[in-house]
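Take a look at the structure set out below.
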2 protein chains.
Amino acid sequence: MPKRVDHEQRRRQIGEALLRIASTRGLQSATMREVAAEAGVSLRLVQYYFHTKEQLLLAALAYLAEQLTERVSASIRALGPVTARTVVYGTLTAVLPTDEESVRLTRAYTGFYTLLFSREAEMATRHGATYPDKLESLLATQITAAQEGGEVAADVDPALTAAALLALTNGLGSSVLGGQRDGAAARLILEDQLGRLFHTVESSTPTPVRAPTHRRDRHEHT
Amino acid sequence: MPKRVDHEQRRRQIGEALLRIASTRGLQSATMREVAAEAGVSLRLVQYYFHTKEQLLLAALAYLAEQLTERVSASIRALGPVTARTVVYGTLTAVLPTDEESVRLTRAYTGFYTLLFSREAEMATRHGATYPDKLESLLATQITAAQEGGEVAADVDPALTAAALLALTNGLGSSVLGGQRDGAAARLILEDQLGRLFHTVESSTPTPVRAPTHRRDRHEHT
DNA sequence: AGGTTGATGATACGCTCGTATCATCATAAG
DNA sequence: CTTATGATGATACGAGCGTATCATCAACCT
């Protein structure tokens, strides 16, 4: 027998090559031959580790979800103490395409999400479809907690608001990817809404958000 | 010379066949041959009236924008007197995929919007890109007017809020198209946000848009 | 009337795609 | 030292794509 190579490592190498293509040239450019070239292997190798293209896409989607989850939790941790507010802020700003990495992730994710519409295959019932639902219920939980802490008005519906925040973030992400505005402008819009949601009750002065690194007073979106 | 046929009518026939395919099987299934079959003409005819595929896509996009604009204004009119509130409600609910027609339009529009990401061609600089911007400024204007009327709190930023509403609507539309929820649920979420923005004391459940009979000659397709 | 010309049909070309086939090589097992 | 086998390479195949080419037919002008 030959070298007995680490299959998982090879699969990862190829899968991430696909993600790299998906986030630059688009998923529709992620052909088997292109992926092979990007990964620096032969076409046969790609076929060897992924019998069919759908398997490759599925594996790449799993890797993408992995990276996305990791980024979200890192973003939450970066905001300091874990409170309802930091969880909501961290989660939503993490998936907003503001820096280079989030642009990459969002681009790739959008590609897969688009594949869902056309239903070329029955993929996405594995990870992609349930992913937003999990995020949504997580956000709803945090909003409820914030209500008990008095940070969020009692008359907001947590489920409806969580869904709205997530949809807002996705819509903003699409507008950034579509070139309508840049990531900073999108963040301003998101934080404006978040600041309106999380108003500390005791302070009547609109000193809303107290997000760590930036203030949100002026808004000049192109 | 032969029959001297109406070219514009033929182009429309073919262009709408493409839109029909785009809203059912997806834009990537809208090949020249499929469009020809859907329109009931030969492949040569499609090539005759649109020298290249990009021209066909561009024309179809123009038709789509036309229909979308018409639906938005019809939706506004259906809400009764033209006020800031009805304009905002009508505009946003019109582009939300709730009934069959809006699903069709949104699906097709999403297809074109997706094409923008991959930039297979330099299209979309014609209509698609400027379309959301125009909607956004229109909404901002209406919000400002509503503020002067006292329907909207004075401390909301019209531009930021208009952008947020549009992004929210787009995000909700994507979630509907992706199968995460249905149109009615999306409308609830949107109206919850709108009701929170337009807080007049009377506000007894604003009638949702429900574009009535809305005559549009559409041939049924299989 | 008849030829010029706009409208339409049939079919071919070259390309790229996903996938399949055949061959080769290196190494662990006996 | 074989030898069976896991890993890899080269290439072929059939389908679908956008586009191009050649042919045909009907009508308008002179």
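Predicted model, so just to flag it, every value in this text is computed and none were measured. To find a chain, count down the sequence lines: A is the first, B the second, and so on, and within it residues start at 1.
Between A:Tyr48 and D:dT8 there is no side-chain polar atom (N or O) within less than 4.0 angstrom of OP1 or OP2. Proximity of A:Tyr49 to the phosphate of D:dT8: a side-chain N or O atom is located under 4.0 Å from OP1 or OP2. Contact annotation: B:Ser42 side-chain N/O to C:dT8 OP1/OP2 distance is not under 4.0 Å. Proximity of B:His7 to the phosphate of C:dA7: a side-chain N or O atom is located under 4.0 Å from OP1 or OP2.
Using cut-offs of 30° and 60° for the angle between ring planes, the B:Tyr109 and B:Tyr131 rings count as tilted.
The only option from B:Thr31, B:Val35, B:Leu64, B:Val46 that meets the side-chain contact (heavy atoms from CB on, under 4.5 Å) definition with B:Leu18 turns out to be B:Val35.
What separates CG of A:Leu18 from P of C:dG18 is a distance of 10 Å, to the nearest Å.
Applying the salt bridge (charged side-chain N to carboxylate O under 4.0 Å, His left out) criterion to A:Glu70, with sequence neighbours excluded, gives no partner residue.
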Tell me, for nucleotides 14-21 of chain D in 5' to 3' order, what letter each nucleotide earns: B for a base near a protein heavy atom under 4.0 Å, S for only sugar-phosphate near one, - for neither?
---BBBBB

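A side-chain donor-acceptor contact under 3.5 Å links B:Gln180 and A:Glu136.
Residues A:Arg107 and A:Leu27 have side chains not in contact (no heavy-atom distance under 4.5 Å, counting atoms from C-beta outward).
The residue B:Phe50 sits apart from the nucleic acid: no heavy atom pair falls under 4.0 Å.
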